[in-house]
Amino acid sequence: MDKRLWNKSAKVLLSVGVAASLWAPSSQMTVQAAAPASDLFISEYIEGSNLNKAIEIYNGTGASIELSPYSLALYANGNTSAQSEMALSGNVASGDTVVLYHGGADSVIQGKGNLQDTSVINFNGDDALILEKDGVPIDSIGQVGARIENMKDVTLVRNPDIQVGDSVVDDAFDPSTDWIAYPVDTFEHLGSHTMDGFGETPAPAPAPSAYYETANGLQGTALKAELHEIIDDHFQLSYSQVWDALNITDEDPNNLNNVLLLYSGQSRSKSLNGGNVGDWNREHTWAKSHGSFGTAMGAGTDIHHLRPTDVQVNGLRGNLDFDYGGTAVSGCDGCLRTTTSWEPPDDVKGDVARMLFYMVVRYESGDAVDLELNDQVNNGSTPYHGKISVLLEWHAQDPVSAWEQQRNEKIEDIQGNRNPFIDHPEWAKSIW
């Protein structure tokens, strides 16, 4: 099978340990704004067929923003009081978006979504939506107190020259003033936004269709087998090269001297890699004792599942299987631990699931280790990881993010292969 050759420039970067900040995606680099936005604003509105509904919120401020002070309120049917309201959570990096979506929306929307909701994100084309910060309106779409029909069966994308939201919620709303209209069920713009004077790294384009061409139309075990043929024989790093690779794949876009840590989400200096308290080290998401592959080239050095992690948090996770419940973990907000299982924070649950899905497909009979998922914990040194039922739930609850897509692109440049479950989330359900 014709494989994509490993990118030679990335190979040189790893061999000499050049700073990860030299990596650039094939699309445009992030450019700081001369005059960034003063706050978040609504950048896209989708009111499509059935339950194809989504709202995209953009951060063009030049700094990462914690979302807990923000909420989105629905004013339905011309009412002057909110019918429902959803609190936002998590963080949104500068130049990035957060997508709020209905749980019954098309899989394309769900694949680009961040926060799921079925009360506020259940609007119709004559309703108004208000983005608030600490209860104060900072942007709006539609008109509170009026029932108009100019937002029905349409996708609206904010004009790139807009840098501030419309905080006057009861003024007349004319989409042609600040928005670009697209036909019903247009989803291709969702998940990235461009604001004049503040270039951003767009969401990576989907993998070339030719990459998965031989998998088209397959299901179940046949699909799993063909995906293995597509992604195997990747360039295998040495364990020492993994340090430099992670500096590239997990670089903090808001501080190019740092990496973002799995589980804790902390940003930490690239130079603090090691084994001491306060350092970060190389976490094997598929525990290396589950199959006893250790740090051998191949499964032990595959950066699709290797992530920077706080040394102490990594030690507490150990080789535990994944499941719900347990006691809180110091230094990792949202992590829970039992004697046999580990539960990561909500915003990386899907990431964990998709990394394990990749490992099962990549390492099959005929490789140095044959990895499989099962529905139990305490798997020990057997080449199994659990629990598959929980991982599938996490995969659905925490859809693919722009961060995962960008990481997938970088890994393809380094290793020469991709994670199919980032490119095609629907394949997990087909196989398992």
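Heavy atoms only: backbone and side chains are in, while hydrogens, waters and symmetry mates are out.
At a cut-off of 3.5 Å, with distance as the only test, no side-chain donor of Y363 or D232 sits close to an acceptor on the other residue.
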Taking it one step at a time, do W432 and F357 satisfy ring pair (Phe, Tyr, Trp, His ring centres under 6.0 Å)?
CA-CA 10 Å; W432 292 288; F357 296 162; 4.9 Å; yes
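Counting only distance, with no hydrogens or angles, the side chain of R268 and the backbone of G278 share a donor-acceptor pair below 3.5 Å. Formation of a donor-acceptor pair under 3.5 Å by the Q415 side chain with backbone atoms of N417 is not found in this model. Between the H395 side chain and the P425 main chain, a donor and an acceptor come within less than 3.5 Å of each other.
In terms of the side-chain contact (heavy atoms from CB on, under 4.5 Å) criterion, residue partners of V154 (sequence neighbours excluded) are, by chain and number, Y45, L156, A181. Among residues two or more places apart in sequence or in another chain, the salt bridge (Lys or Arg N to Asp or Glu O under 4.0 Å) test is passed with K224 by E364, E372. Take D367 and apply the salt bridge (Lys or Arg N to Asp or Glu O under 4.0 Å) test, not counting sequence neighbours, and it matches R362. Residues satisfying the side-chain contact (heavy atoms from CB on, under 4.5 Å) criterion with I138, sequence neighbours excluded, are D39, Y70, L131, K133. Applying the salt bridge (Lys or Arg N to Asp or Glu O under 4.0 Å) criterion to D347, with sequence neighbours excluded, gives no partner residue. Not counting sequence neighbours, the partners of K53 by the salt bridge (Lys or Arg N to Asp or Glu O under 4.0 Å) test are E47.
Pairs engaging residues 377-386 under the salt bridge (Lys or Arg N to Asp or Glu O under 4.0 Å) rule: none recorded [sequence neighbours left out]. Pairs of residues two or more places apart, or lying in two chains, never qualify as disulfide (SG to SG under 2.5 Å) while including a residue from residues 227-259. Among pairs with a residue in residues 306-392, those fulfilling disulfide (SG to SG under 2.5 Å) read C332-C335, at least two apart in sequence or across chains. Within the structure, disulfide (SG to SG under 2.5 Å) contacts touching residues 403-432 (residues at least two apart or in different chains) do not occur. For residues 348-420, the set of pairs meeting the disulfide (SG to SG under 2.5 Å) definition, not counting sequence neighbours, is empty.
Both cation-pi conditions hold for R282 and Y239: the charged atom is under 6.0 angstrom from the six-membered ring centre and inside a 45 degree cone around its axis.
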Check residues 85-93 and write down every donor-acceptor pair under 3.5 Å in which the side-chain atom is one partner and the other belongs to a residue at least two apart or another chain.
from, atom 1, to, atom 2, distance (Å)
E85, OE2, S71, OG, 2.7

